[in-house]
Amino acid sequence: MLEPLLAFAPFATVDLHFARFMMRLSGSENRDLALAAALLSFLGRQGHTCMDLCAPMASLDAAGELMQALPGPEAWAATLRREPVVGSPGDDRPLILDRSNRLYFHRTYRQERLLADRLIALNASERPVDAEALRSAMARMFPEAGEGVLPQRLAALIAASRSLCVITGGPGTGKTTLVTKIMALLLMLEPDLTIALAAPTGKAARRIAESIQTGVERLDCPEEIRGRIPREASTLHRLLGFTTGSVKPRRGPDNPLTARVVVVDEASMADLALMAALVQAIPVDGRLILLGDRNQLASVAAGYVLGDICDTGTTHAYSPGLADLAARVIDAGLSSGGRAGMQDSIVELTRTYRFAGDSLIFNLSAAVNREDAGRCIEILQAGSGGELCHRDLPGADALGETLRPAVIAGYGPYLEGSDHQERLRLFDAFRVLCPVREGPFGVVALNRLIERILAEEGLLDPSGVHYEGRPVLITENDYSLNLFNGDVGIILRHEGDLRACFPGRDGTPRQISPMRLPGHETAFAMTVHKSQGSEFDRTLLVLPDRDSPVLCRELVYTAITRARKALEIWSSPEVLSRAVSRRTVRSSGLSAMLWGERP
């Protein structure tokens, strides 16, 4: 029954094994069940949380023969509903088919439903507001006037009056500065509040902690309030009490978090399973504040949670109730209409404080978000060095010599330094980013090439597994060492011995024996996915020499917005244009659950 499917490119062995398992459990020889199970397994590995029988499957565009073999959605759904392994929402079956003909793994459906229900409950939980006290605190935290500060005041109003607040915006729009003020404002209103800071990765957690530490010192608030604002952040895994090898966190509905306000930075990086675990651990009277960029890449694992929460690609008017509250408390005239919904908890920041209005990097990122490939090419052609530069991708045989000047200028300073803390800082000033791992323009090949260039220049000696100056990217969590996926350090010599040095909380580098490191890889070049949560003064983005399904608008946008001051892109115009024109679409029912579809 399944042997003809072996000829179809999308399927891996695990997909076919899963299909056979479902047929055996069902006691069925139904070809439609086999197709559904194999496809669901395949799509799950691509980051989809479900398979929508009614929607085109973009991931299968290259498998035209398979597409022709698929039955019509209604007939397919009717056939699947007769199978013992397929149930409806609420049933205890391996596969769940909802009323909109979305097929799920049972666990994935449960996670999506739990997350949606908890977010809806938090969104609907309105808190009593002392208008005069809030107006007074707001005036102190946001003394500036003008349209530019309105979204900030609105976000603060939502955080004070509701149990859910979602703040989205690109790099440089002031999300961290804003949430620092919001925490101070909440503490001015409720001095006994306890607040926890977290992020999906260790690096992102350190970044928000450092930013808040700086921002707190500039706040106009009583010293006792300033002292209650958290200065440290943890990973979500550590906050929830996951341990190495565990699949169930210590914190949950029966053992909730003690903090009554949880602030999560870089929420776009959090996958469905992690976000479902988080919301279940929020106390009944707790609040959740999410910060992130809805236009960034989706999480590596299944789900596009922040995009689904924000209903990316759709605009919703605020409710009359929120508009009335905003008029009374912050003197804001919001356009409103329709019923209350998730939109009443969401604010998008669009004003950038990092780039001037004529910034080429900013304008390029905006054009990418609009999927305007033509404008992107125009902006790149206008760049001539300095802030933005574009170069046609060299051939694989010429890549080394073309790369040499950028590598020496970018990595020479940290390799020639002597102070460990300064070398860590200098290394983060420059990075080479790639969309792919394999191939002549992938991370693996570029890391070897960069090592060779730096060795030829006498800047390092890459002999042995570990060597002086080797940058390492952690790829596995190790709770005992407090090292997490995405952390970046450098192998440096200390008192004659090689040590892996990572940024410490107090600025002093942490030193660990290289032999104790969890899974890791060399990090001169890193994938765009791994760069999320990081920013560099200068970034070099190397696109591959041919189009690939992994090249998409979100990936290009994420890469561009890693650059603080200067960006260089190596690509052919054709590959870049196709990438900008391709939007990531992940099958999910979360957006429909949050924005009005019945369960």
Side-chain angles (χ1 to χ4, degrees), residues 49-50 89 104 106-127 158-159 161-168 179 182 186 193-201 204-205 233-242 246-292 294 298-299 301-311 341-347 586 588-597 599:
T49 64
C50 63
Y104 291 85
H106 181 275
R107 182 178 65 177
T108 308
Y109 178 81
R110 182 174 180 275
Q111 290 169 340
E112 203 163 89
R113 187 72 258 173
L114 283 170
L115 175 58
D117 288 346
R118 190 71 177 103
L119 288 173
I120 290 169
L122 287 168
N123 175 68
S125 176
E126 298 184 13
R127 294 174 174 273
I158 289 172
S161 61
R162 311 182 76 86
S163 295
L164 176 67
C165 178
V166 181
I167 302 170
T168 181
V179 83
I182 286 175
L186 294 178
L193 274 181
T194 50
I195 303 175
L197 285 176
T201 68
S234 68
T235 65
L236 283 172
H237 285 84
R238 181 171 285 273
L239 178 73
L240 295 173
F242 282 100
S246 68
V247 294
K248 186 176 181 180
R250 186 167 56 88
R251 296 292 187 180
D254 298 327
N255 181 28
L257 296 165
T258 57
R260 290 172 57 203
V261 180
V262 178
V263 178
V264 179
D265 193 24
E266 297 290 353
S268 64
M269 299 171 65
D271 59 58
L272 171 63
L274 188 57
M275 287 296 290
L278 171 65
V279 296
Q280 291 180 78
I282 301 293
V284 173
D285 62 344
R287 311 181 199 207
L288 177 62
I289 300 176
L290 300 177
L291 311 176
R294 66 175 184 173
S299 59
Y304 186 28
V305 175
L306 185 63
D308 285 339
I309 292 173
C310 296
D311 204 18
M342 290 298 297
Q343 72 272 18
D344 285 353
S345 290
I346 300 169
V347 175
R586 284 188 169 181
S588 163
L590 181 60
S591 180
M593 292 177 185
L594 292 173
W595 292 92
E597 182 180 287

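Quick note: residue numbers are just sequence positions, from 1.
- Trp595 places a side-chain N or O within 3.5 Å of a backbone atom of Asp308 that can act as its donor or acceptor partner.
- For Arg107, the CZ atom sits in a loose shell: 12 or fewer heavy atoms of surrounding residues, nucleotides or ligands are nearer than 6.0 Å.
- Once rounded to the nearest 0.5 Å, the distance linking CD1 of Ile289 with CZ of Arg287 reads 7.5 Å.
- Rounded to the nearest 0.5 Å, atoms NE2 (His106) and CD (Gln111) are 11.0 Å apart.
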Can Met593 and Leu119 be said to form a side-chain contact (heavy atoms from CB on, under 4.5 Å), step by step?
CA-CA 10 Å; Met593 292 177 185; Leu119 288 173; over 6 Å; no
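- Remark: Thr235 engages no residue in a side-chain hydrogen bond (donor to acceptor under 3.5 Å, both in side chains) (not counting sequence neighbours).
- For Gly589 against Thr49, the heavy-atom pair with the smallest separation is N-OG1, 4.2 Å.
- Taking the six-membered ring where tryptophan is involved, the planes of Tyr104 and Tyr109 are perpendicular, since the angle between them exceeds 60° and thus also 30°.
- The shortest distance between side-chain heavy atoms of Met342 and Ile309 falls below 4.5 Å.
- Of all heavy-atom pairs spanning Ser125 and Ser163, the tightest one is OG-OG, 3.0 Å.
- In terms of modelled atom types and a separation under 3.5 Å, the side chain of Arg162 and the main chain of Asn123 share a donor-acceptor contact.
- For the residue pair Asp311 and Ser591, the shortest heavy atom distance occurs at OD1-OG, 2.9 Å.
- Interatomic distance, Thr201 OG1 to His237 NE2, rounded to the nearest 0.5 Å: 11.0 Å.
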With side-chain contact (heavy atoms from CB on, under 4.5 Å) as the test, would you mind laying out the steps for Leu290 and Cys165 before giving the verdict?
CA-CA 6 Å; Leu290 300 177; Cys165 178; over 6 Å; no
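- Looking at heavy atoms from C-beta onward, Val166 lies in side-chain contact with Leu306 at the 4.5 angstrom threshold.
- Nearest approach of Ile182 to Ala159, heavy atoms of both residues: CG2-CB, 3.6 Å.
- Nearest heavy-atom pair, Arg294 versus Cys310, reported as atom, atom and distance to 0.1 Å: NH1-O, 3.6 Å.
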For residues 255-271, which side-chain donor-acceptor pairs fall under 3.5 Å, sequence neighbours excluded?
| residue | atom | partner | partner atom | Å |
| --- | --- | --- | --- | --- |
| Asn255 | OD1 | Arg251 | NH1 | 3.1 |
| Asn255 | ND2 | Arg250 | O | 3.1 |
| Ser268 | OG | Gln296 | NE2 | 3.4 |
| Asp271 | OD1 | Ala273 | N | 3.1 |
| Asp271 | OD1 | Leu274 | N | 2.9 |

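- Atom CD1 of Ile158 is separated from atom CD of Gln343 by 10.0 Å, given to the nearest 0.5 angstrom.
- For the atom pair CG of Leu594 and CG of Leu115, the computed distance is 6.5 Å after rounding to the nearest 0.5 Å.
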Glu112 and Leu272: CA distance, side-chain angles, deciding distance, side-chain contact (heavy atoms from CB on, under 4.5 Å) verdict
CA-CA 7 Å; Glu112 203 163 89; Leu272 171 63; 4.2 Å; yes
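- Lys248 has its side chain out of reach of Leu240: every pair of non-hydrogen atoms, C-beta onward, lies at least 4.5 Å apart.
- Ala116 and Leu590 make their closest contact through CB-CD1, 3.8 Å (heavy atoms, listed as atom of the first residue, atom of the second, distance).
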For residues 277-285, please give each side-chain donor-acceptor pair under 3.5 Å, one per line with the distance, not counting sequence neighbours.
| residue | atom | partner | partner atom | Å |
| --- | --- | --- | --- | --- |
| Gln280 | NE2 | Ala276 | O | 3.1 |

